Amino acid sequence: MRLSHYFMPTLREVPAEADVVSHILLLRGGFVRQLAAGVYSHLPLAQRALLRIRQIIREEMNRIGGQEFHLPAIHPAEIWQATGRWEVMGDNMFRLKDRWGRDMCLGMTHEEVFTSIARNELRSYRQLPQIWYQIQTKFRDEPRPKSGLLRVREFTMKDSYSFDVDWDGLDKSYRLHYDAYCRIYARCGLDYFAVEAHSGSMGGSQSHEFMVRSDAGEDLVVRCPGCGYAANLEKAASRIAPVTDTDPAGPEPVRVATPGQKTIEEITQFLGVPAQNQIKTLVYVVDSKPTLILMRGDHQLNEAKLEALTGTALLRPATADEIVAAMGADAGSLGPVGVKNLPILADEALRGRRNMTTGANATDFHIQGVTPDVHFSAAYHDLRTVVDGDRCPACDSALGVFKSIEVGHIFKLGTKYSDALGASVLNRDGQSVPIVMGSYGIGEERILSAAVEQCHDDKGIIFPATIAPFDVIIVPVSMEDSRLVETADRFYEELRAAGLEVLYDDRPERPGVKFNDADLVGIPVRITLGTKKLAQGLAEVTVRREARAVDCPVDEVTGRVTAALAALRAEIEARLSDIRPLQ
RNA sequence: CGGGACAUAGCGCAGCCUGGUCAGCGCGCCUGCCUUGGGCGCAGGAGGUCGCAGGUUCAAAUCCUGCUGUCCCGACCA
């Protein structure tokens with residue numbers, strides 16, 4: 001492309017609405033423009049990068065036997081009502097009516113549609129397994145779109161679905177996807193990792209998220225530097241140092257007045273009891289029933305774990321009034337002793353402890369000398385939120401906690417959707433069995449954004465060679481010098497003939513403008529043509545990442561550029577050999 | 001949904017408190033000259049219903065009310 005007539009509206013200044021680096025650079029580089037909150041137009045540069053990402057995804061999906069479909073974005077309400085998700089999705093679903101008043105929606109995901117095809121068409125285990133996928137626009141009316149393309153209301157997803165006759169088959173399809181996803185991210189040049197994930201409202205038994213470390217991300221993940229254990233904070237487990245307790249002063253807890261002392265910190269100060277010797281008592285409303293949650297004083301409840309344990313997303317902290325009604329005391333003086341009519345869930349960290357301090361269920365009183373399983377009984381579960389520095393459950397190394405961008409998510413769905421929609425096949429024994437399903441998603445724009453987050457410097461984007469919108473940019477420092485222009489023209493023809501995507505900056509701009517734009521949009525290789533060097537028969541080749549110009553005889557430029565790109569690609573491809581299959 | 005902020009030319013902003021030569025600046029854009037290795041210089045020029053709708057006033061970008069949009073924090077998030 002000749003840049004003089006290419007639509008690449010770069011901006012010198014940072015638009016006010018952007019504050020994460022990928023958003024800033026994609027706006028400044030002329031990749032995207034915003035149409036509404038969480039709704040973006042992809043301009044030609046973004047479209048080129050996204051098409052390259054898409055091609056990688058297609059190749060890897062086809063490699064595992066995936067068959068590409070294209071499903072409707074507009075769905076009738078019925079299939080969503082059949083799985084219960086017409087209600088579950090709530091305000092996140094874009095809804096509309098057709099001219100006859102029939103309820104429709106814009107597709108947020110396509111379990112329902114693919115499963116309905118499977119229901120209508122698949123009859124026999126002999127037809128399985130199947131892996132079906134599509135690359136299509138998804139619509140989700142996010143409560144708070146943010147961070148440029150990272151959380152949006154309309155985006156492009158590769159979603160695939162596996163259909164197997166049994167769970168062993170699903171395990172295999174899941175592993176195929178896990179491997180394909182690793183290859184996709186590696187080939188896109190991302191430094192990614194997979195984490196064990198919480199399945200959320202998708203249901204299902206096992207789930208992994210694919211993450212790219214970035215402070216612009218919204219997910220907190222836990223990772224072990226020692227053994228590679230990695231999990232979403234919502235699911236992560238850890239070991240903690242044991243606590244040695246002293247014996248209580250007497251067999252029964254002692255009640256003490258604690259006027260105005262509510263928080264763990266206040267009690268620590270007032271009674272001189274360390275937080276780890278206190279029991280934090282929370283009241284949650286779980287499926288509209290009050291439930292007592294007990295944590296060690298210095299630990300935080302992990303709501304996702306509570307959700308997974310109770311099997312419902314319908315949970316929330318009780319209100320102040322609900323707490324008084326259930327416990328007879330204000331929050332700040334709550335405890336488990338004497339509680340008979342509420343379920344009590346305790347974190348594992350309280351098991352075996354003695355001589356703890358907690359609320360007395362009388363406002364402004366606490367009790368000391370409380371021993372779990374003696375003075376109250378509870379069901380123990382892992383409910384604690386891992387914190388940075390906790391020990392790895394597998395190898396005891398110190399765990400790190402950091403933010404990441406979720407670039408993909410895979411789920412073992414099981415039979416949730418096939419049961420709901422009646423998708424079944426006859427097995428080998430002639431019995432009708434529900435199809436066992438998996439569902440697998442990748443957000444294309446998130447890959448683009450994550451790549452920009454991960455690959456940039458103070459001048460702009462440094463695209464991985466495999467997903468860059470162009471391979472090489474030719475920059476003659478002047479369009480007035482006919483020798484420069486002739487040589488640039490010649491490079492343009494030769495490089496295109498060599499199969500490269502070439503951007504030719506033939507604008508009558510000053511060199512600084514051209515260099516800055518080339519750096520900003522992140523094209524991996526630049527050829528610079530200047531008068532003095534050309535008089536010696538030389539041009540310069542600069543790899544964007546290295547920012548160091550190398551002189552090159554004019555006749556060797558095409559070969560040099562081709563070799564530089566091949567080296568960049570080879571470096572990325574080499575990472576494929578690091579992929580470890582899912583255990 | 002709770003909290004906070006913003007909305008003036010394509011982009012970034014000032015002006016608003018204290019109403020009246022306040023429609024202004026920088027960048028970008030157009031024309032000409034000049035310059036040509038990291039966003040050059042000079043001269044001239046185009047471009048804005050000051051988010052929308054009401055209200056107060058002789059007079060509103062400026063004060064008041066309502067609405068809409070956008071961003072940030074939190075909640076939420078297959």
Side-chain angles (χ1 to χ4, degrees), chain A residues 9-20 23-24 27-28 30 33-40 80 83-85 88-93 107-112 138-148 150-153 155 157 159 161 197-204 207 209 217-219 232 234 303-304 307 313-317 406 408-411 413 416-417 438-443 458-460 475-481 484-485 505 507-520 526-534 538-540 542 547 549 551:
Chain A
T10 56
L11 302 173
R12 189 180 292 200
E13 295 185 88
V14 179
E17 74 265 19
D19 67 348
V20 307
H23 192 197
I24 290 170
L27 283 171
R28 285 196 55 215
R33 289 294 184 263
Q34 185 178 35
L35 183 62
V39 181
Y40 285 83
W80 288 85
T83 60
R85 295 209 291 182
V88 170
M89 292 306 187
D91 288 339
N92 268 24
M93 178 180 269
M108 307 176 68
T109 175
H110 283 73
E111 280 78 10
E112 279 79 359
K138 299 287 189 273
F139 299 90
R140 296 178 189 184
D141 196 357
E142 293 287 343
R144 186 150 97 81
K146 56 184 273 203
S147 307
L150 287 174
R151 179 155 297 275
V152 290
R153 298 194 294 173
F155 61 99
M157 178 186 267
D159 49 322
Y161 305 85
H198 176 64
S199 324
S201 65
M202 289 290 289
S207 169
E209 289 166 323
E218 299 181 80
D219 285 271
N232 195 302
E234 293 180 337
E303 284 197 15
E307 193 177 307
L314 296 174
L315 53 84
R316 59 175 174 81
E406 177 192 348
H409 201 160
I410 61 179
F411 301 87
L413 294 176
K416 176 175 170 175
Y417 296 91
S439 133
Y440 316 86
I442 291 181
D458 55 347
K459 293 176 178 167
V475 180
V477 297
S478 167
M479 294 304 288
E480 301 296 309
D481 183 331
L484 291 185
V485 174
D505 195 347
R507 296 175 300 175
E509 292 287 351
R510 295 179 58 81
V513 174
K514 296 186 178 191
F515 295 150
N516 283 317
D517 275 347
D519 289 344
L520 176 60
R526 185 178 93 202
I527 302 168
T528 312
L529 277 164
T531 312
K532 287 176 196 155
K533 290 273 175 68
L534 185 59
L538 298 173
E540 288 169 12
T542 311
D551 289 341

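Fair warning: this is a prediction, and the values are worked out from it, not measured in the lab. Order of the sequence lines sets the chain letters (A, B, ...), proteins ahead of strands, with each chain counted from 1.
Contact of A:Arg507 with B:G39 (side chain to base): no donor-acceptor pair of N or O atoms is detected under 3.5 Å. The base of B:G28 is not paired with the side chain of A:Glu13 by any donor and acceptor separated by under 3.5 Å. Under 3.5 Å, the side chain of A:Arg144 and the base of B:C76 form no donor-acceptor pair of N or O atoms.
Base pairing of B:C1 is made with B:G74, judged by Watson-Crick or G-U wobble geometry with both donor-acceptor distances under 3.5 Å. Remark: B:U31 base-pairs with B:A43. Criterion, Watson-Crick or G-U wobble with two distances under 3.5 Å. With a 3.5 Å ceiling on both atom-pair distances, the Watson-Crick or G-U wobble partner of B:A7 is B:U68. Checking B:G38 for Watson-Crick or G-U wobble geometry (two distances, each under 3.5 Å) identifies no partner in any strand. Shown here, B:G12 forms a base pair with B:C25; the pair counts as Watson-Crick or G-U wobble because both key distances fall under 3.5 Å.
Look at the P atom in both B:C42 and B:U65: the space between them is 47 Å, to the nearest Å. Annotation: B:C16 and B:U62 have their C1' atoms spaced 4 Å apart (nearest Å). Annotation: B:U8 and B:C71 have their P atoms spaced 14 Å apart (nearest Å). With both ends at atom P, the span from B:G45 to B:C50 equals 25 Å, rounded to whole Å. Taking the C1' atom of each, B:G4 and B:G41 are spaced 45 Å apart, rounded to whole Å. Of the P atoms belonging to B:G51 and B:C17, the separation is 15 Å, rounded to the nearest Å. For the P atoms, the distance from B:A23 to B:A9 is 16 Å, rounded to whole Å.
Closest to the side chain of A:Lys146, from the set B:C71, B:G39, B:C72, is B:C72. Of the candidate nucleotides B:U70, B:C76, B:G39, B:C76 has the atom lying nearest to any side-chain atom of A:Pro143. The listed nucleotides are B:C40, B:C71, B:G37; the one nearest the side chain of A:Arg510 is B:C40. With B:C13, B:G39, B:C71 as the candidates, the nucleotide lying closest to the side chain of A:Gln34 is B:C71. Of all nucleotides listed (B:G38, B:C13, B:C76), B:C76 comes nearest to the side chain of A:Glu303. Closest contact between the side chain of A:Phe515 and the listed nucleotides B:C29, B:C72, B:G37 involves B:G37. Distance from the side chain of A:Ala37 is smallest to B:C71 among B:G12, B:G28, B:C71.
Using a 4.0 Å heavy-atom distance criterion, A:Arg28 is classed as a base contact. Contacts of A:Asp481 with the nucleic acid, taken as non-hydrogen atoms under 4.0 Å apart, are absent. Nucleic acid contact for A:Arg526: base, since at least one base atom lies under 4.0 Å from a heavy atom of the residue. Within 4.0 Å of A:Val14, counting heavy atoms only, lie sugar-phosphate atoms of the nucleic acid but no base atom. Backbone-only engagement by A:Pro15 is indicated by non-hydrogen atom pairs under 4.0 Å involving sugar-phosphate atoms exclusively. When heavy atoms are screened at a 4.0 angstrom cut-off, A:Pro145 is found touching the sugar-phosphate backbone but no base atom. When heavy atoms are screened at a 4.0 angstrom cut-off, A:Asp159 is found touching no nucleic acid atom at all. Heavy atoms of A:Met157 sit under 4.0 angstrom from at least one base atom. Residue A:Ala18 is out of contact with every strand shown, counting any heavy-atom pair closer than 4.0 Å. Using a 4.0 Å heavy-atom distance criterion, A:Ser147 is classed as a sugar-phosphate-only contact.
Between A:Leu529 and A:Ala539, the shortest heavy-atom contact is CD2-CB, 3.9 Å.
By the 4.0 Å N-to-carboxylate-O rule, A:Lys416 lies too far from A:Glu111 to be salt-bridged with it.
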Inset, instruction - Check step by step if salt bridge (Lys or Arg N to Asp or Glu O under 4.0 Å) holds for A:Glu218 and A:Lys146. - result: CA-CA 10 Å; A:Glu218 299 181 80; A:Lys146 56 184 273 203; 3.8 Å; yes

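Residues A:Gly512 and A:Lys138 each lie close to RNA chain B; by heavy-atom proximity, the contact nearer the 5' end of the strand is made by A:Gly512.
Residues A:Phe515 and A:Arg526 meet the side-chain proximity criterion, which asks for heavy atoms closer than 4.5 Å.
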